[in-house]
> 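If you scroll down you'll find the structure; I have some questions about it.
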Protein chains: 2
Amino acid sequence: MQLSPMIESFVFHFGEMGSRWGFNRTVGQMYALLVVSDKPLNANQIADALNISRGNVSMGLKELQSWQLIQQSHIPGDRKDYFTPRGTIWEMANRVFEERRKREVDPTLSMLRDILLEAPANDSEAYAQDRMREIHDLLETTTQWASELQRLNPDKLNTLMKLGAGVTRMMEIKEQLLGGSGKQTDKATGQAPDNTSDRKSE
Amino acid sequence: MQLSPMIESFVFHFGEMGSRWGFNRTVGQMYALLVVSDKPLNANQIADALNISRGNVSMGLKELQSWQLIQQSHIPGDRKDYFTPRGTIWEMANRVFEERRKREVDPTLSMLRDILLEAPANDSEAYAQDRMREIHDLLETTTQWASELQRLNPDKLNTLMKLGAGVTRMMEIKEQLLGGSGKQTDKATGQAPDNTSDRKSE
DNA sequence: CTAAACTTTCAGAATTTTCTGAAAGTTAGA
DNA sequence: TCTAACTTTCAGAAAATTCTGAAAGTTTAG
């Protein structure tokens with residue numbers, strides 16, 4: 001199969017980017033290809049389209065399955081395995097975040113916790129522990145936020161964001177609520193989605 | 001200089017993790033070392049502590065400076081360059097995010113935009129463009145959120161988080177406020193949402 | 001059971017990334 | 001100016017990662 005130039009540039013670009021997301025170039029290309037393909041592909045089609053070896057494709061598919069990013073399917077009367085991406089784009093992004101958290105952040109947090117249990121032997125170690133505690137707290141806070149964001153229904157989240165309700169805005173409202181009587185102020189109601197007003201000037 | 005076991009395990013762990021953040025193992029180690037060190041270090045001390053060549057340290061420092069993660073300083077009567085991390089842990093994390101956005105997300109968005117301007121030549125390309133549009137919108141929305149988070153004063157953000165005010169909770173409140181007046185269920189994107197179901201075989 | 005059709009594995013090859021250290025470059029002070 | 005003290009550069013070496021393809025493994029049909 002010969003890829004159209006449009007699809008080819010997408011696939012190649014994501015190949016390069018893919019390495020930043022935890023897998024290598026070919027795996028990134030394979031996934032990109034599956035995402036933009038309107039029908040399931042089998043391993044040979046992938047190898048052919050990307051000009052890589054059949055063995056490489058097999059390993060890449062295994063990797064993508066371990067990330068739960070693709071799904072296997074079958075076509076009646078055909079013994080080959082076909083593959084499609086699994087879930088919506090949002091779900092896929094979530095899955096990648098989740099997986100990276102498990103593989104990278106969690107072990108780091110656990111290492112930091114272990115070290116922070118030790119008693120510092122001298123001033124240098126005390127100083128180092130202070131820095132580590134900061135990092136630990138930052139990671140913990142950040143992952144907690146991220147996991148809350150992930151729990152939200154994507155449509156809802158998306159709608160809210162498109163509304164121009166930035167975090168800043170939400171926090172202002174929240175603070176108003178907490179600070180005052182819990183009453184709705186007119187200032188906050190019925191906002192038109194004007195998101196341009198509070199962006200920074202550059 | 002001989003590192004204490006505690007500091008050594010921190011430094012080594014961050015070396016491994018560092019590669020996920022856009023720089024290589026040694027650069028990660030160097031940065032970790034500077035962060036937990038209670039006094040500025042010069043290039044020779046770093047090379048010595050990490051057992052790497054002087055040249056490698058020079059390149060690593062250059063890299064860290066390009067990320068704006070470290071700062072140079074001097075000790076009177078000493079011609080060597082000394083280095084310390086720059087800014088608070090929060091600021092450093094922000095800087096890494098920012099830098100990665102510039103290097104990875106921005107080029108991707110620009111590529112997607114270019115492709116989306118082209119007229120699809122056939123059904124396959126139309127399908128592919130739909131997927132790309134979803135990715136484009138996701139990236140755009142996410143980076144906008146991220147930039148708003150970054151604009152917040154860290155203390156404020158941290159306080160709010162510690163308050164137990166999760167995003168979900170904030171959104172509930174926000175919706176309560178909006179509920180009366182504005183029609184906010186604006187299906188802004190109008191995207192074909194999750195199309196996974198209309199693929200051929202499953 | 002066997003054969004055909006397919007998938008996976010993995011040793012070694014190819015490629016990419018990182019590291020070293022000698023040489024070249026820079027700077028400050030005498 | 002020159003020299004000593006320091007930093008940077010970069011070609012080639014070393015290390016790590018990725019890829020290939022033949023062989024081994026698996027599954028289904030008959």
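Bear in mind the structure is a predicted one, so any value in this text is a computation, not a measurement.
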> Regarding B/E98 and B/R95, does a basic nitrogen lie under 4.0 Å from an acidic carboxylate oxygen?
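Salt bridge: no.
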
> Kindly check if the number of other-residue, nucleotide or ligand heavy atoms within 6.0 Å of CG (A/D123) is above 12?
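No, CG of A/D123 has 12 or fewer neighbouring heavy atoms, counting only those of other groups under 6.0 Å.
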
> Please encode protein proximity along nucleotides 10-22 of chain C as a string of B, S and -, counting only heavy-atom distances under 4.0 Å.
B-------SSBB-

> Would you mind reporting whether A/D48 and A/Q45 have side-chain heavy atoms less than 4.5 Å apart?
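Contact flag for A/Q45/A/D48 side chains = no.
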
> Taking CD1 from A/I70 and P from C/dT7, how many angstroms apart are they, rounded to a whole number?
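Value for this atom pair: 12 Å.
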
> Report yes or no: is the cationic atom of B/R101 (NZ for Lys, CZ for Arg) closer than 6.0 Å to the six-membered ring centre of B/F97, at no more than 45° off its axis?
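Pair B/R101/B/F97 does not count as cation-pi.
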
> Look for any protein N or O under 3.5 Å of an N or O in nucleotides 26-30 of chain D and output each such pair with its distance, or none.
unit_1	atom_1	unit_2	atom_2	d
D/dT27	O2	A/R79	NH2	2.7

> Could you tell me how far apart A/M30 (CE) and D/dC19 (C1') are, to the nearest whole angstrom?
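Result: 13 Å.
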
> Heavy-atom distance under 4.5 Å between the side chains of B/V105 and B/R100, does that happen here?
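The answer is no, as the side chains (C-beta and beyond) never meet within the 4.5 Å cut-off.
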
> Tell me: NE2 of A/H74 to P of C/dA5, nearest whole Å?
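One finds 17 Å between P of C/dA5 and NE2 of A/H74, rounded.
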
> Rounded to the nearest 0.5 Å, how far does CG of B/L34 lie from CG of B/L61?
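Rounded to the nearest 0.5 Å, the CG-CG separation comes to 7.0 Å.
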
> Send over the distance from A/D48 CG to C/dC6 P, rounded to a whole Å.
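Atom-to-atom, A/D48 to C/dC6, this comes out as 15 Å.
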
> Hey, are B/Q129 and B/E118 close enough side-chain-wise for a donor-acceptor pair under 3.5 Å?
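No pair is found: no donor N or O on one side chain lies under 3.5 Å from an acceptor on the other.
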
> Expressed in angstrom and rounded to an integer, what is the separation of A/I75 atom CD1 from C/dC6 atom P?
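So the CD1-P distance, A/I75 to C/dC6, works out to 12 Å.
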
> Report yes if at least one side-chain N or O of B/K62 is closer than 4.0 Å to OP1 or OP2 of D/dT9; otherwise report no.
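B/K62 to D/dT9 OP1/OP2: side-chain N or O found under 4.0 Å.
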
> Whole angstrom is fine here: how far is it from CG in A/L61 over to C1' in D/dC19?
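Rounded to whole Å, this separation is 15 Å.
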
> Round to a whole Å and report the spacing from CG of A/D81 to P of C/dT7.
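Taking CG of A/D81 and P of C/dT7, I get 5 Å after rounding.
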
> What is the distance, to the nearest angstrom, from the CG atom on B/N42 to the P atom on D/dA5?
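Answer to the nearest Å: 15 Å.
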
> Return the set of residues passing ring-ring contact (aromatic ring centres under 6.0 Å, His included) with B/F10 (not counting sequence neighbours), or none when no residue passes.
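Result, ring-ring contact (aromatic ring centres under 6.0 Å, His included) vs B/F10: B/F14.
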
> Can you find a heavy atom in the side chain of B/V57 that is under 4.5 Å from one in the side chain of B/F83?
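No, side chains not in contact.
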
